[in-house]
Q: 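Pasting in a structure now, in structure tokens, and then I'll have a few things to ask.
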Amino acid sequence: MTFEVAMKRLEEVVKALENGETPLDQSLQLFEEGTTLVRTCTDLLNNAEQTVLKLIQTKDGDAEIVPFTAEEA
């Protein structure tokens with residue numbers, strides 16, 4: 001599952017839970033699915049961060065691990 005697909009489904013789950021019209025048993029299933037999707041998204045983001053850290057190089061061509069910050073995006 002891609003990050004985008006997981007986030008889209010998570011948004012759908014949240015909307016279904018927020019509308020207040022979902023029966024309790026279905027709400028519990030959606031909540032479980034949502035927590036799984038959050039873990040999936042977190043894992044995908046952590047893997048992406050590790051990839052970014054591995055790809056950064058210094059100006060002289062040496063590899064250097066530097067944390068990626070939102071300001072650099």
Q: Atom CD in Glu11, atom CD in Glu18: separation rounded to 0.5 Å?
A: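 Interatomic distance, Glu11 CD to Glu18 CD, rounded to 0.5 Å: 11.0 Å.
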
Q: State plainly whether one hydrophobic cluster holds both Val13 and Phe31, where clusters connect Ile, Leu, Val, Met, Phe, Trp and Tyr through side-chain heavy atoms under 4.5 angstrom apart.
A: no

Q: Heavy atoms, side chains only, cut-off 4.5 Å: are Met1 and Leu37 in contact?
A: yes

Q: Look at the side chain of Ser27 and the backbone N and O of Thr22, then say whether any donor-acceptor pair between them is shorter than 3.5 Å.
A: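 Yes, Ser27 side chain to Thr22 backbone: donor-acceptor pair under 3.5 Å.
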
Q: Show every donor-acceptor pair shorter than 3.5 Å between a side-chain atom in residues 38-46 and any protein atom, with sequence neighbours excluded, or say none if there are none.
A:
residue	atom	partner	partner atom	Å
Thr40	OG1	Thr36	O	3.0
Thr42	OG1	Val38	O	2.9
Asn46	ND2	Thr42	O	3.3

Q: Between Arg9 and Glu12, does at least one N-O distance fall below 4.0 Å, as a salt bridge requires?
A: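 Answer for the salt bridge query: yes.
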
Q: Distance from Glu33 atom CD to Leu10 atom CG, nearest 0.5 Å?
A: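 Atom-to-atom, Glu33:CD and Leu10:CG are 8.5 Å apart.
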
Q: For residues Phe3 and Val5: do they belong to one hydrophobic cluster (side chain heavy atoms under 4.5 Å, members Ile, Leu, Val, Met, Phe, Trp, Tyr)?
A: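 The answer is yes; both residues are in one hydrophobic cluster.
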
